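Okay, structure first, notes after.
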Amino acid sequence: MTTIDVKTEGRSAREVLAWSRATVEPTLRAAVDTLPSSMRRIARYHFGWCNEYGQRYEAPENGPYKGAGGKAIRPTLVLLSAQAVGGTAAAAVPAAAAVELVHNFSLVHDDVLDGDLTRRHRRTAWSVFGVKAAILAGDALLTLALDVLAACGHPAATDGTRMLSAAVQALIDGQSADLDLEHRSQVDLLECVSMAEGKTGALIECACAVGATFGGGSPQQRESLRSFGAHLGLAFQHVDDLLGIWGDPAVTGKPVNSDVRSRKKSLPVVAALTSGTPAGFELAELYRREAPLSDTDLAHAANLIDVAGGRGWSHTQVDDLLAQAMRQLQAANPTPRAARELGSLARLATHRYS
């Protein structure tokens, strides 16, 4: 995989992400520190701030783990969207922290639902602390997110809390649809896209909209940035699905062909299954097998998805959705620097599969 760092005039996307992490993390850590001790240790571990025994990482040689804390794309979208409408990043920090807490609530639960053993190059929370404890920790992060937003004192706090709650409901609905698709032999591509819009797109859409709201944007600006986030979120899911099959484990932190191994009905997979091609029919036969797929089977399945057109379709969708997102960004009449940095971040986030 090629490392991409999109550079525009001023800060690169990676520099913006580093700035966002430095800006939001103190608020994030302070919020997590208010959790009950039983939940605090699991949350800190999940974020990569401590080991499984609760020992914090202080010295560089002891941590944090590579990739700890994630990419921070969602909180960065919140901060930049606030700046894009003429507001300040500082005013939007509580919203950015809340969005990141919700995202991590979903990751903790997602790992349980999918049975994933690794995330961010280390063992998942449930595989260390147990399924029941991880579920409770995810619940605690969700509650904490809403509390951070509701208690921040910003004039937009009430609207922001409602927006975030609606995004969580859409996310949960999308995750439920994802689970349903796993157990069905017949899946329509449009319902798979709708599932992705909820599971991943809803929170990215919310990040942009709530950032614009905390930045004091006009209704038109908030709507344009919301649409920017919606298109970006769906493109982001396409990229995640591509990485779930063809991603480099050294970069993704997950085994190769991880999504195929678990028979996930991801976007490129469903595109292949519904392609009406010989490769698509053969892939369907593989997916219907009750026995676990061997490494040879997994490699063959990945090739069938490619031959049936699923990989190419997702690549095309990423490019089309990014173009639509950029048009919506410009429609928001954003401040120049924030526009450049949002565009740079969007291109970085949607070209991780290169």
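Both backbone and side-chain heavy atoms feed into the values below; hydrogens, waters and symmetry mates do not. One-based numbering along the sequence shown. None of the values given here were measured: they were computed from a predicted structure.
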To the nearest 0.5 Å, how far apart are CD in Gln324 and CG in Leu322?
-> 10.0 Å

Is it the case that one hydrophobic cluster holds both Val307 and Leu286, taking links as side-chain heavy atoms less than 4.5 Å apart, direct or via other members?
-> no

Distance-minimising heavy-atom pair for Ala271 and Gly310 | CB-CA, 4.0 Å

Rounded to the nearest 0.5 Å, how far does CG of Asn257 lie from CG of Leu293?
-> 9.5 Å

Ser218 side, atom OG; Asn333 side, atom CG - distance, nearest 0.5 Å | 8.5 Å

Got a donor-acceptor contact below 3.5 angstrom from the Thr335 side chain to the Gln83 backbone?
-> yes

Leu113 vs Trp126 side-chain heavy atoms within contact, under 4.5 Å | no

Shortest non-hydrogen contact between Phe214 and Cys152, atoms and distance | CE2-SG, 3.9 Å

Taking 4.0 angstrom as the limit, do Glu182 and Lys264 come out as a salt bridge?
-> yes

Going only through I, L, V, M, F, W and Y residues with side-chain contacts under 4.5 Å, is there a path from Val128 to Leu141?
-> yes

Test item: Leu142 and Val102 side chains (from C-beta on) under 4.5 Å apart, heavy atoms = yes

Are the side chain of Thr213 and the backbone of Gly160 linked by a donor-acceptor contact shorter than 3.5 Å?
-> no

Does the side chain to side chain contact (heavy atoms under 4.5 Å, CB included) test come out yes or no for Cys206 and Leu164, once each step is laid out?
-> CA-CA 7 Å; Cys206 175; Leu164 191 59; 3.9 Å; yes

Evaluation steps, side chain to side chain contact (heavy atoms under 4.5 Å, CB included), between Thr350 and His238 = CA-CA 8 Å; Thr350 56; His238 274 282; over 6 Å; no

Are the side chain of Arg222 and the backbone N or O of Gly217 linked by a donor-acceptor pair below 3.5 Å?
-> yes

Side-chain heavy-atom pair Asp241, Ile245 within 4.5 angstrom cut-off | no

Side chain to side chain contact (heavy atoms under 4.5 Å, CB included) between Val16 and Leu345: does it pass, once the steps are laid out?
-> CA-CA 8 Å; Val16 171; Leu345 181 62; 5.5 Å; no

For Glu15, does its backbone N or O pair with a side-chain atom of Arg11 as donor and acceptor, under 3.5 Å?
-> no

Any link between Leu348 and Trp19 through a network of hydrophobic side chains (Ile, Leu, Val, Met, Phe, Trp, Tyr) touching at under 4.5 Å?
-> yes

Apply the side-chain contact (heavy atoms from CB on, under 4.5 Å) test between Pro334 and each candidate in Leu225, Val85, Leu329; give the one that qualifies.
-> Leu329

Interatomic spacing from NE2 in His103 to CG in Leu171 - rounded to 0.5 Å | 9.5 Å

Do Arg122 and Tyr45 meet the cation-pi criteria used here (NZ or CZ under 6.0 Å from the six-membered ring centre, within 45° of the axis)?
-> yes

Taking the side chain as C-beta and beyond, is there a heavy-atom pair between Leu232 and Gln328 under 4.5 Å?
-> no

Shortest non-hydrogen contact from Ser165 toward Leu146 | OG-CD2, 3.7 Å

Indicate yes or no for a side-chain donor-acceptor contact from Arg41 to the backbone of Glu52 under 3.5 Å, with no hydrogens or angles considered.
-> yes

Measure the shortest side-chain to side-chain distance between His46 and Phe129 over non-hydrogen atoms and say whether it is less than 4.5 angstrom.
-> no

Which residues satisfy the side-chain hydrogen bond (donor to acceptor under 3.5 Å, both in side chains) test with Ser258, sequence neighbours excluded?
-> none

Arg119 side-chain N/O to Thr124 backbone N/O, donor-acceptor pair under 3.5 Å | no

Would you give the length of the straight line joining atom CG of Leu17 to atom CG of Leu80, rounded to the nearest 0.5 angstrom?
-> 8.5 Å

Do Leu107 and Leu144 share a hydrophobic cluster (ILVMFWY, side-chain heavy atoms under 4.5 Å, transitive)?
-> no

For the side chain of Ser314 and the backbone of Arg311, is there at least one donor-acceptor N/O pair under 3.5 Å apart?
-> no

More than 12 non-hydrogen atoms from neighbouring residues, nucleotides or ligands closer than 6.0 Å to CZ on Arg29, yes or no?
-> yes

Could you give me the CA-CA distance, side-chain angles and deciding distance for Ser81 and Phe228, then say whether side chain to side chain contact (heavy atoms under 4.5 Å, CB included) is met?
-> CA-CA 10 Å; Ser81 294; Phe228 163 75; 5.6 Å; no

Path from Met39 to Val148 over hydrophobic side-chain contacts below 4.5 Å = yes

Going by side-chain heavy atoms closer than 4.5 Å, which hydrophobic residues are tied to Leu181, directly or by a chain of links?
-> Val187, Leu189, Val193, Met195, Leu234, Leu267, Val270, Trp313, Leu321

Scanning both residues in full, the closest heavy-atom pair of Ile305 with Pro268 reads CG2-O, 3.7 Å

So do the side chains of His351 and Asp319 get within less than 4.5 Å of each other, counting heavy atoms only?
-> yes

Could you walk me through whether Ser294 and Asp297 pass the side chain to side chain donor-acceptor pair (under 3.5 Å) test, one step at a time?
-> CA-CA 5 Å; Ser294 67; Asp297 291 332; 3.1 Å; yes

Any donor-acceptor N/O pair, Ser344 side chain to Glu341 backbone, under 3.5 Å | no

Got Leu304 and Tyr287 here, is their nearest side-chain heavy-atom distance under 4.5 Å?
-> no

Using modelled atom types only, decide if a donor and an acceptor are shared between the side chain of Ser262 and the backbone of Asp259 within a distance under 3.5 Å.
-> yes

Ser224-Gln220 side chain donor-acceptor pair, cut-off 3.5 Å = yes

Residue pair Glu205 / Glu197, side-chain heavy-atom distance below 4.5 Å | no

Do the charged groups of Asp295 and Arg261 touch, with an N to O distance under 4.0 Å?
-> yes

Donor-acceptor pair, side chain of Ser176 and main chain of Ile172, under 3.5 angstrom | no

What one should report as the nearest heavy-atom pair of Thr277 and Ala308 is OG1-CB, 3.5 Å

First locate atom CD of Gln55, then atom CZ of Arg44, and finally report the distance between them rounded to the nearest 0.5 Å.
-> 12.5 Å

Taking all non-hydrogen atoms of both residues into account, name the closest pair between Val168 and Phe105 and its distance.
-> CG1-CE2, 4.3 Å

